[in-house]
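Accompanying notes for the structure given below.
Residue numbers run from 1 in the order of the sequence given. Just so you know, ligand 1 is whichever comes first in the structure, and atom 1 is the first atom listed for that ligand.
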Amino acid sequence: MKKLIVLSAAAIAIAACCNQPKFDGPVYLNPNAPVEERVEDALSRMTMEEKVGMTTAQSKFSSRGVPRLGIPEVWHTDGPHGIRPEVLWDDWDQAGWTNDSCTAFPALINLAATWDKEMSLLYGRSIGEEARYRKKDILLGPGINICRTPLNGRNFEYMGEDPYLAGKMVVPYVKGVQENGVAACVKHYAVNNQEFQRTQSNSVVDDRTLYEIYLPAFKAAVVEGDAWAIMGSYNLYNGQFNCHNKRLLCDILKGEWGFDGVVVSDWGGCRVSEEAVKYGLDIEMGTWTNGLRGAASDSYRNYHMADPYIKGLREGRYTTEELDDKARRILRTIFRTSMRPEPNYGRFVCPEHYQAAREISAAGVVLLKNEDNVLPLNVPEGGKIVLVGENVVKKMVVGGGSSNLKTAYEVNPLEGIRNAFGDKAQIVWERGYVGDIGRSYNRVDTGQDLTDNRSPKELIASAVEAAKDADYVIFIGGLNKSAHQDNESTDRYDTFLPYAQEDVINALAEVADKFVVVNISGSPVSMPWADKADAIVQGWYGGTESGNALADVLTGKVNPSGRLPFSIPFKYEDGPIKTEAQYPGIKEEDDQYWQTHYSEGVYVGYRWYDSKDVPVQWPFGHGLSYTTFEYSNAKASKPVMKKGGTIKVSVDVTNTGDVDGAEIVQLYIADPQASIDRPAKELKGFEKVYLKAGQTAQVTFEIAEDALSWFDAEKHAWVAEPGEFQALFAASSKDVRAMASFELK
Ligand code: BGC
């Protein structure tokens, strides 16, 4: 029987091969030849200068191909929330094309808050299609740096504070993008967790912390997701810039993890020619921001890896081996993307992508508090809803740095809520405060004039007046993407709401009958006013469909199932970062760079708050639903797990409320008998389960040794120590609902 199956498989293979037209040209042009054969064939035809040529940019977002051989140039694009508008050949400003307004997908922190791997696949597929349609080969994203400090300006572009969550969420994104023949360029590798002095700061991290907290998501992207590209980060690690960091790129990425794709520098991140050649960089981008404009001739030739590389090769300082390795990786990328077999052409700004953006965004909205079930909105026919705040109307896709997008459209919360109610309720908007009236970024303009010359007092008085007879008052504020908020290249100053927002909230709370606060941000915002609101919702930068997605949750069309991907502290000082040396780092007189000491070790986010018993305002993993869930019957499939084996742990979850909904069941593992200091518990599994009202489901997780291990830096190995382990089934890191213990022997 076995033989028969083998035979028929062989027959299919022969048939398939006979159906293919005979290919007369060179192997590298044959789309059906194996990639490695194509790579070797192309490489054998290239001159040294052509190989070096491929390793550098030729414009702001493209690197060279081999024109003589018909090997196309490589087109890069930001990333990670949509396809950036075309820019001028040599500038960050948009070029003013009229066919490049994209679908803006939700910020990655919004995706992480869904805790839903299917949403991540949908996201990856959709953005991959948009990239393909726009003829892009490398998508500069996703970003997966850990939220080490709530102040990091780029937290919104990343996937939260936990390496397991980020690792599980990044893999489907990468796969979805790459299905389209577009390389996902996972960024920013690695230990790049602040924007302050981002190109001048050296992250000082011990090995255990590096391997347990800062590398796992990157490893998952490479090993499980098979990512084809990685972007080195601006900062240094071990005193060496990360775009050519021997340890990170040669030893770990290409060595331990066997990465066979390309390492792309962050724009301007390549700093030293010799290191760039020798320590793992494959494509150098953005080194001179003025590129061609600032020079009479092609100044891209002056990049670290362009003419200086050729000179070094001619002088015998560099070897062909390193060069061939880089050329192979770049060719491989081209044969995987623009010259791949069976090209598809993608699609752009289509109803399916709008729908995906809306679904993902809504699935990530987190209901933090809901006293007396004030939500979903229950407004009498003809009732009045007063919306207060700048973020009710502010278009949020424009701004924030390189993730800035030009969208086909963007639905703000005012439009979203009006769409939901039609003429069934009166929807009134009050400004409340003036925050940021900026409207354009890299010449992309929102078209919104948000100028308002009223004084803070007048604005509050007007909002309070309107709120007095409202059925619901909904304050929609938070952060935006201007400097020192959720914004690349600057960090925040503190964790509180900027502008006069707290005054507005306090004033509204005095008069509102039902008072809801929606905080839109990409990083944790402390909420000292939380007791004054009946309900609090954490919304995000939701992209094109932001306002509709928020309305879906507020009205109950979507039952919220988003969970926090980071902890929200009462105040910054409660967190693990206590000294300047930890953040923002220190620069002694004789230091060339800032030194940022990650001395809190593995105690990042909930690992700190839970282990040190520090209360938080809203814990990691927290989020409510319009229904309730009960956990029962936690058990392990056997009492003992043998070394090298696996064990199953399960729990029953029941929807005990009146409406259908989804619960995110979180599995944390505790190692009470560890011989070393370990966090009180660590996330090692999560599953989203949809349950009809009254329905029960069993949720099962398979645990292998990696879920029980810590990284022993001395042995350079993961270690699972024999003894008791606890499987904690939880609704958040601080809300453990059931437990099953087992022993590792
Ligand atoms: C950012 C990257 C981005 C690149 C290209 C850099 O400044 O750090 O995330 O992909 O610019 O825009």
Side-chain angles (χ1 to χ4, degrees), residues 56-63 74-95 100 102 107-109 127 131 134 136-145 152-159 170 173-174 177 182-201 203 218 221 227-236 241-243 262-271 281 283-291 300 303 398-406 441-444 481 483 486-491 522:
T56 43
Q58 61 168 11
S59 76
K60 187 59 85 192
F61 281 102
S62 68
S63 51
V74 177
W75 284 91
H76 309 238
T77 181
D78 284 302
H81 306 145
I83 309 308
R84 187 175 178 144
E86 300 302 328
V87 298
L88 296 171
W89 183 257
D90 206 17
D91 212 322
W92 297 106
D93 283 346
Q94 69 140 333
D100 58 351
C102 68
L108 287 192
I109 195 72
I127 195 172
R134 290 268 304 280
K136 305 302 178 192
D137 308 311
I138 300 188
L139 175 70
L140 306 173
I144 47 171
N145 295 91
N152 181 12
R154 293 189 91 170
N155 283 331
F156 74 105
E157 287 185 72
Y158 301 145
M159 295 196 186
V170 71
Y173 180 117
V174 168
V177 168
V182 174
C185 185
V186 183
K187 64 191 190 184
H188 306 90
Y189 183 71
V191 277
N192 172 222
N193 310 92
Q194 65 187 58
E195 290 299 286
F196 178 80
Q197 293 292 347
R198 63 177 175 168
T199 60
Q200 299 293 325
S201 98
S203 302
F218 285 102
W228 293 337
I230 287 274
M231 184 189 291
S233 58
Y234 282 131
N235 57 302
L236 306 93
F241 284 104
N242 286 354
C243 290
V262 273
V263 173
V264 179
S265 76
D266 199 343
W267 269 232
C270 176
R271 308 280 285 269
L281 181 63
I283 303 182
E284 177 189 3
M285 298 298 295
T287 294
W288 288 22
T289 47
N290 61 353
Y300 287 96
Y303 270 35
V398 171
S402 56
S403 59
N404 176 49
L405 295 172
K406 179 164 102 186
Y441 195 92
N442 288 152
R443 299 228 174 133
V444 182
K481 292 187 178 167
D486 285 316
N487 179 54
E488 179 178 339
S489 83
T490 58
D491 284 344

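- For ligand 1, the atoms lying closer than 4.0 Å to a non-hydrogen atom of Arg84 are 12 (O).
- Looking at atom 4 (C) of ligand 1, its nearest protein heavy atom turns out to be Asp266 OD1, 3.4 Å.
- An N or O contact shorter than 3.5 Å is missing between Trp92 and ligand 1 by distance.
- With a 4.0 Å cut-off on non-hydrogen atoms, Glu157 does not touch ligand 1 at all.
- Expressed to the nearest 0.5 Å, how far CG of Asn442 lies from CD of Gln94 amounts to 8.5 Å.
- In this structure, Phe61 has its ring center closer than 6.0 angstrom to the ring center of Trp267.
- Of all the atoms in ligand 1, the ones that sit under 4.0 Å from a non-hydrogen atom of Trp267 are 4 (C), 5 (C), 11 (O).
- Residue contact check: Phe61 has heavy atoms under 4.0 Å from atoms 5 (C), 12 (O) of ligand 1.
- At a heavy-atom cutoff of 4.0 Å, ligand 1 is contacted by no atom of His76, backbone or side chain.
- Counting atoms of ligand 1 from 1 in the listed order, those under 4.0 Å from a heavy atom of Met231 are 10 (O).
- The CG atom of Asn193 sits 7.0 Å away from atom CG of Asn152, with the distance rounded to the nearest 0.5 Å.
- Among Arg134, Lys187, Lys406, Lys60, the single residue meeting the salt bridge (charged side-chain N to carboxylate O under 4.0 Å, His left out) criterion with Asp78 is Lys187.
- When each of Asn242, Asp266, Asn192 is tested with Ser233 by the rule side-chain hydrogen bond (donor to acceptor under 3.5 Å, both in side chains), just one qualifies, namely Asn242.
- Of all the listed residues (Asp78, Leu140, Asn192), Asp78 holds the heavy atom that lies closest to atom 3 (C) of ligand 1.
- Between Phe218 and Tyr189, the two ring planes are perpendicular [angle over 60°; tilted spans 30° to 60°].
- For the atom pair NE2 of His188 and OG of Ser265, the computed distance is 11.0 Å after rounding to the nearest 0.5 Å.
- In the vicinity of Arg154, heavy-atom distances shorter than 4.0 Å reach the ligand 1 atoms 1 (C), 2 (C), 8 (O), 9 (O).
- Between His188 and ligand 1, at least one pair of N/O atoms sits closer than 3.5 Å.
- At least one donor-acceptor pair closer than 3.5 Å links the side chain of Glu488 to the backbone N or O of Ser402.
- Taking all heavy atoms of Glu488, Lys187, Arg198 into account, the minimum distance to atom 1 (C) of ligand 1 is reached by Glu488.
- For the ligand labelled ligand 1, residue Met285 lies outside the 4.0 Å heavy-atom shell.
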